[in-house]
Amino acid sequence: MEEFERAVEAAIFASSEPLSPEEIAAFAGEGEVAAALAALSQIYTGHGIELVERGGRWHFQTAPDLAHILRRTREESRRLSRAATETLAIVAYHEPVSRAEIEAIRGVQISKGTLDVLMEAGWVRTAGRREGPGRPLLYATTVDFLTHFGLGSRRDLPGIDDLKAAGLLDPLDEAALQLQLESDEEEA
Amino acid sequence: MEEFERAVEAAIFASSEPLSPEEIAAFAGEGEVAAALAALSQIYTGHGIELVERGGRWHFQTAPDLAHILRRTREESRRLSRAATETLAIVAYHEPVSRAEIEAIRGVQISKGTLDVLMEAGWVRTAGRREGPGRPLLYATTVDFLTHFGLGSRRDLPGIDDLKAAGLLDPLDEAALQLQLESDEEEA
Amino acid sequence: MGETDEFELPRRQSDELTLSLDGWEGPLDLLLNLARAQKVDLHQISILALVEQYLAYLEGAKALKLEIAADYLVMAAWLAYLKSCLLLPKDSTIDPSPEELAMRLQLRLQRLDAMREAGARLMGRDRMGRDVFARGTPEGLRLVRKSAWVVSAFDLFAAYGRVRARTQPAMHIVARRAVMTLEDAIQRVSALIGQAFDWTALEAFLPVTTDPAYRRSALASSFVAALELARQGRIELDQGAAFGDLLVRSTA
């Protein structure tokens, strides 16, 4: 394969958008872009991916006949909210724990959806009720939780000293704290 | 090109993350994944993009020799401090390794902004605890570390065989820690 | 490797080391750089010469009246000890032997040097996102057996650290307030009442003060003290009208 063709191939591959021949030339330097594109199209014929032109711009895509294999329903992964992450951490470190205890430790109320999200994700489960006034429902983590976070057991959670050493126990400055409390409220 | 190879090629190409052979099989169906991967690697040799294995997972990437035409000068990846760079090297070459061992090799305490930065970058993870006095938390590198630095596996770490042969990667035995302990005692 | 500024080069190239301890990450780092300045393979460095260099370096820093951190001094003391052992006639009863200690030091320097080198080599590799690139627009696959919620173990631990930091018990320091205790008031009123055989306003027993808070406290305590002394039959109380002056008189 020619050097120029390699450069064109790499540029189109790495680009986050289809590229026009001018844009390709800007990356690949001196050479016959049109000829290189023709050669590459030829090379990729019969592959599982192909080089295609759409409205004067070029990009690679998977071969249409393989669409069914790839089940291309792009699942949007969502980042766990700060409130949910903190709640999960508290459950892990303090289980079994009631909702009131979680709120006491967080210093902020948790909205109803927070624990639901964690249970739906399969990381938190209910763990009976505590005998005592109000018989509060208790929460604990699941085996899936350990698996997901690569923990052999709950004893593998970093201790307070470890957190401190890793710089994770630094008090937030007031402004950041305030901001955070506000966004928590909005979330709820 | 064989149908199964096309399917493997398309699956890896379409994925937004590197895929393990098991994951590839889940998409591509019946077939010899290992053989198809070998065939594809062969086919892509000399191309502007190549098929590579990093920590057991496969992905396509641009050929390293084309870095100069593709390098994005705008966003230089965040520069790692010297302490973080050394710590990363120690974790990679000695893993799993405790904080005390990292400190013993570097001769200084780990300051904040070192391990947390490496964990935030997704290159270092906690890896359980060592059974023994104090059950220290252990650190190891991630698959993302291998991917980022273009390593097939830890065996590909530069010079690791020589260092091993020279005994420089031996677990820190009592003798090696002696100096540290003595100076600690005097300090106390 | 085109980008030398990607990481700070750990070693100074010049033979003359500038007299500043700021640049060093601890005594081992300084020792390693001094050893490097000997320009020989680390296996062949002269430990004795290295010890001399280190001690001379610290002496120089002292002469400049620089603050020298304790760990540098500890290392200096240890090296001075090692040096004296190496120079003294061999004594087979010393365990570990000075040669053994010197070897351990050398090993530590080699280990650190190896990791420093390894770090530099890692940083110089073809790195994803800088030298090599993944596909720009992957169509994406349907993620099998993968949770839609993205959160890493680091996020989790950091979250817990955050919670703990946020809810660390606050220290409350109660400011000392000037008060007159009931006991003080009883003592004071009973001492002063001995001199007052005529009806006297309670306010007359209060100490002279410019602190209104202390005056209020003294008034309240003295009032309760008066009630207590009246209960004991030691004084009489009289008040002409509601909110009028409260008068006290000794019964004796």
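Distance alone, capped at 3.5 Å, places no donor-acceptor pair between the Arg121(C) side chain and the Arg116(C) backbone. With hydrogens and angles disregarded, no donor-acceptor distance shorter than 3.5 Å links the side chain of Asp29(C) to the backbone of Gly26(C). Side-chain atoms of Ser84(C) come within 3.5 Å of backbone atoms of Tyr81(C) as a donor-acceptor pair (strictly under, hydrogens ignored).
Interface remark: Leu151(A) contributes side-chain atoms only to the contact with chain C (heavy atom separation under 4.5 Å). Both the backbone and the side chain of Ile90(A) come within contact range of chain C, judged by heavy atoms closer than 4.5 Å. When heavy atoms are compared at a cutoff of 4.5 Å, Glu120(A) approaches chain C solely by way of its side chain, counted from C-beta outward.
With values rounded to the nearest 0.5 angstrom, Tyr160(C) atom OH is found 8.0 Å from Leu163(A) atom CG.
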